[in-house]
Amino acid sequence: MKRQGDIALGFSPQQRQRLAEIGLDEDALAGTFESAEERDARYEENHRGLSRTNVERLDTLRTERRRPVLRTVETVLIEALVAEGFVEVATPLMMGKGALAKMGIDEDHPLWRQVYWVDGDRCLRPMLAPNLYYLLSHLQRLWPPPVSIFEVGPCFRKESKGSNHLSEFTMLNLVEFEPVGDATDRLRSLAHVAMEPLGLDYEIVETDSGVYGATLDVEVHGIEVASGVVGPHPLDERWGVTGPWAGWGFGLERLAMMQTGGSRIHPVGRSLVYLDGARLNVQGTRPASYPAAGE
Ligand code: ATP
Ligand code: MG
C-alpha cells in the first residue's frame, strides 16, 4: 500500500462521500496516494468522469428508455406473471394492527419496531402477505384451483441505514394456492418464471425468516432479492386458509440494483436525490435545442 510517512493517504471524508454519491465503487474509494496533490488530481478526474456518466444516464432516460429501471423491472414481472396465469390485485397501503397480529407480529416481534404507525390502529404496510392471505381466504371458495394472485406496490419499514435497505421499497408478492404438483417444486419454478425474463443469474438458498420460519431465498451475487415459503403453514389457520400454496416476496429495488450492476439501493429507489440511478446535483450542459422530429 502507498503511504505518506506511516499513514495511508486516502480520499478525505468529504471527497469520499461525494465520489460515493456519484457512483465510485468501493475499491476505487479505498485507493491510497503518494501525496495530497496526487489524491486531489485523482478526485477531480473521478469527479469529472462520474459526473459525465450521471449526465449520460439522465440523457438515455430522456431519449431512449423513458422509464426508470425500477418501473421496467415491475412491468417485466407483471407481464411474466400474467402470462403464467396470475391475476394482479391491488390492496390498501394502510394496514390494521389486527392484520399484523395475525401474522404473529406483536410488540415482542423484531419487525414491530420497524413499523410506521399512522394512528393507534393503522400502519403503513410493512409487507403484502396479510392482504393476500385475506384475499385467499375468499378466493379459495370462489375460484377454481390453482388460485394464482400477485400484488406489486410500496411497503414501509424503518431500517437502520444500509446499502440494501430503503424505508420505502416496492414489494412484489405472489402466491399460488393449490398448485399443480408439489408446492416446493412450484415455488422453485415460480422463481424461474420471475427471474428468467429479467436475465439475472440467481441461486436459491435455504434460510430462516422471523415471520415464517424455514424459507427459501433467491440470491443474486449473494444478495437476497426474494424470500419464499410454502404452505400449509402454521399461520394459515388464523386466516382460514386450508391447502398447499407457494409464495414469493420480491424486492424490486434490489432487482433494479442488480440489473444496473450497482452496489447501492438508494439510487434506484424512489428519490428526489437520484433519478433512475443518476445523481441530480451534477454539472451538465443543457442541449442547445430541441432535436428535429424523428432524430
Ligand atoms: P433483509 O433480511 O434483507 O432485511 P427481509 O428478509 O427482512 O430482508 P422480506 O420480509 O423477506 O425481507 O421481504 C421480501 C423482499 O423484500 C426481500 O427479499 C427484499 O428483496 C425486499 N426488502 C425487504 N425489506 C427491504 C428494504 N428495507 N428495502 C428494500 N428491499 C427490501
Ligand atoms: Mg427475507
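Ligands are counted one by one from 1 in listed order, and the atoms in each one are counted from 1 as well.
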Is there any N or O on L166 that sits under 3.5 Å from an N or O of ligand 1?
yes
List ligand 1 atoms under 4.0 Å from A226, heavy atoms only on the residue side.
18 (O)
Using distance alone, determine whether V225 and ligand 1 share an N or O pair under 3.5 Å.
yes
Are I22 and V55 grouped together when hydrophobic residues (ILVMFWY) are joined by side-chain heavy atoms under 4.5 angstrom apart?
yes
Report the nearest protein non-hydrogen atom to atom 11 (O) of ligand 1: residue, atom name, distance rounded to 0.1 Å.
S227 OG, 3.0 Å
Which of these, E253, M127, R157, has its nearest heavy atom closest to atom 9 (P) of ligand 1?
R157
Identify the closest protein heavy atom to atom 16 (O) of ligand 1: which residue and atom is it, and at what distance?
M171 SD, 3.6 Å
Linking I/L/V/M/F/W/Y whenever any side-chain heavy atoms sit under 4.5 Å apart, do F169 and L93 land together?
no
Show, in sequence, the C-alpha distance, side-chain angles and deciding distance for R48 and S51, and conclude whether the side chain to side chain donor-acceptor pair (under 3.5 Å) test is met.
CA-CA 5 Å; R48 247 193 326 275; S51 295; over 6 Å; no
According to the interplanar angle, ranging from 0 to 90°, do the rings of W112 and W117 count as parallel (below 30°), tilted (30 to 60°) or perpendicular (above 60°)?
tilted
Geometric class of the Y134/H138 ring pair [parallel <30°, tilted 30-60°, perpendicular >60°]:
perpendicular
Within 6.0 angstrom of R71 CZ, more than 12 heavy atoms from elsewhere
no
Any idea which part of H165 is under 4.0 Å from ligand 1, heavy-atom wise: side chain, backbone, both or neither?
both
Considering only protein heavy atoms, which is closest to atom 14 (C) of ligand 1, and at what distance to one decimal place?
G249 O, 3.4 Å
Measuring from atom 8 (O) of ligand 1, which candidate in H266, E224, M257, Q114 has the nearest non-hydrogen atom?
E224
List ligand 1 atoms under 4.0 Å from R254, heavy atoms only on the residue side.
1 (P), 3 (O), 19 (C), 20 (O), 30 (N), 31 (C)
What about G251: any of its N or O atoms under 3.5 Å from an N or O on ligand 1?
yes
Note: OE2(E224)-the Mg ion (ligand 2)-OG(S227) angle, rounded to 10 degrees, equals 80°
Ring-plane angle category for H233 and W245, please: parallel below 30°, perpendicular beyond 60°, tilted otherwise.
tilted
Where do I149 and L139 come nearest, in terms of heavy atoms and distance?
CG2-CD1, 4.0 Å
Test side-chain hydrogen bond (donor to acceptor under 3.5 Å, both in side chains) applied to S148 and E176, E178, E84, the passing residue:
E176
At what distance is the nearest protein heavy atom to atom 22 (N) of ligand 1, and which residue and atom is it?
F169 CE1, 3.4 Å
Short list, please: which atoms of ligand 1 are under 4.0 Å from a heavy atom of I265?
29 (C)
Mind running ring-ring contact (aromatic ring centres under 6.0 Å, His included) on Y274 and H266 for me, showing each step along the way?
CA-CA 8 Å; Y274 294 94; H266 291 83; 7.9 Å; no
For ligand 1, which atoms sit closer than 4.0 Å to a heavy atom of N164?
28 (N), 29 (C)
